[in-house]
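All remarks here apply to the structure that follows.
Order of listing sets the numbers, starting from 1, for every ligand and every atom in it.
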Amino acid sequence: MASKRIYNVAIVGYGYWGPNLMRNFMHSVNFTVAYLVDSAPAALNSFQVSYPNVAITTSIDVVLEDDGVDAVVIASPPKSHYNLAKQAVLKGKHVFVEKPFTTSFEEASEIVELADKHALKVFVDYTFLFHGAIGTIRQIIQDKLKFGELLYIDSVRINLGIFQSDVNVVWDLACHDIAIFNYLLDDLPLAVQAVGIDGLGNGNENISYIHLKYKNKFAQINCSWSSPVKIRRMLIGGNRQAILYNDIEPTDKIKVYNKGVVFDTEDKRNEILQDYRTGEVFIPKYDTTEALKNVVCGFYDALTDAGESRGDGQAALLTTFILEMIQKSIILGGKELEIDWRQVGPSLYSYITSKGMLNQQ
Ligand SMILES: NC(=O)c1ccc[n+]([C@@H]2O[C@H](COP(=O)([O-])OP(=O)(O)OC[C@H]3O[C@@H](n4cnc5c(N)ncnc54)[C@H](O)[C@@H]3O)[C@@H](O)[C@H]2O)c1
């Protein structure tokens, strides 16, 4: 039996999120962490005590020149992703990039094109796509007989967060919602409209309200770094059931309500009658494996062509394009912007059509 290939990776960026990636890559039987790169020497000092076998360096150049490194895992601030990913791909390395992929669609497209040209993989970590709760929600929604047609999604992702210096709250937080919507709905918005407040006046909005219009449904997002309370709540309504996903709950994050409003249009008096169905509430089980562990497995599946597509570069390009449209709408003072998906270019458009993403009712 052929032995399983183990990939050597270098992790770049060891601030808040890098240690979580390090722990999960270290524990994976599919990967060896060969290097940790951080431009700040202080970040590296704390690390070496715990993992003496990993080489540390303040410059990615050493990693790029090492033919033994198969992939570069990028967990530095968003504005640095493009340059780091491009350099890595040009040196023949696969790339794993933290969300948000890049800070523009143009940059993201260039990375995906370059990687394709060199037969390399681009994987983007939208961690929630690998969370057991999201997987279970997707299954519930797909059971149309029980759930009915999906009508709306309402997401609130607010807390007292760190004001990022290189992206606004849309690219930092709402990017999760957009990636989740694309994955849950297998559908894409046909128009976006958004407003934002730039509290510090540095060009990076810290509060935003976003509205997405699909063919037959709506979604909206409120994201903020300025809320005194932390809320991570998504309400997903179908015409038979509704799902409440509360990510703050330590357990039982999903509740399915067999409750709703029924409109009786068959009434003899020719009036539309409204009736409330107050059915039971169901708490489904879901896989509680740490999402980041699943992400690391997903990256391995992508590298070995095992059919994994949740983290692929094309899916992340769609999210990036929607984020850019939202940003444009904010700049235009909340103007509704229609999206013609042919604008994304023939290769990405053919990805969209191959997935049937614009065929949803
Ligand atoms: N998937 C998730 O849920 C999740 C959660 C938090 C953060 N993130 C993402 O992870 C990334 C890092 O976020 P963070 O909160 O850890 O940031 P951070 O500022 O805490 O840490 C970034 C680290 O990268 C280093 N760095 C900066 N530029 C570098 C470069 N060019 N080369 C090497 N090192 C460099 C910094 O010195 C710092 O140690 C961001 O893209 C962020 O959006 C993802």
With hydrogens left out, which residues have an atom under 4.0 Å from ligand 1, given that only heavy atoms count?
->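 Close residues (ligand 1, cut-off 4.0 Å): Val12, Gly13, Tyr14, Gly15, Tyr16, Trp17, Asp38, Ser39, Ala40, Ala75, Ser76, Pro77, Pro78, His81, Glu98, Lys99, Pro100, Asp125, Thr127, His176.
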
Flag the pair Asp247 and Lys253 as a salt bridge only when some basic side-chain nitrogen lies within less than 4.0 angstrom of an acidic carboxylate oxygen.
->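 Yes.
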
May I ask you to decide whether Glu65 forms a salt bridge with Lys91, counting only side-chain N to carboxylate O separations under 4.0 Å?
->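 Answer for the salt bridge query: yes.
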
Output a table of donor-acceptor pairs, distance under 3.5 Å, between side-chain atoms of residues 193-201 and any protein atom two or more places apart or on a different chain; print 'none' if there are none.
| unit_1 | atom_1 | unit_2 | atom_2 | d |
| --- | --- | --- | --- | --- |
| Gln193 | NE2 | Gly334 | O | 3.1 |
| Asp198 | OD1 | Gly201 | N | 2.8 |
| Asp198 | OD1 | Asn202 | N | 3.2 |
| Asp198 | OD2 | Asn202 | N | 3.4 |
| Asp198 | OD2 | Gly203 | N | 2.8 |

Is a side-chain donor-acceptor pair under 3.5 Å present for Asn168 with Gln327?
->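 Short answer, yes.
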
Considering only Ile, Leu, Val, Met, Phe, Trp and Tyr, and joining two whenever side-chain heavy atoms are under 4.5 Å apart, list the other residues clustered with Ile248.
->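 Answer for Ile248: none, a lone residue.
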
Taking only residues two or more places apart in sequence or in another chain, which ones pass side-chain contact (heavy atoms from CB on, under 4.5 Å) with Asp340?
->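 Asp340: side-chain contact (heavy atoms from CB on, under 4.5 Å) contacts with Arg342, Gln343.
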
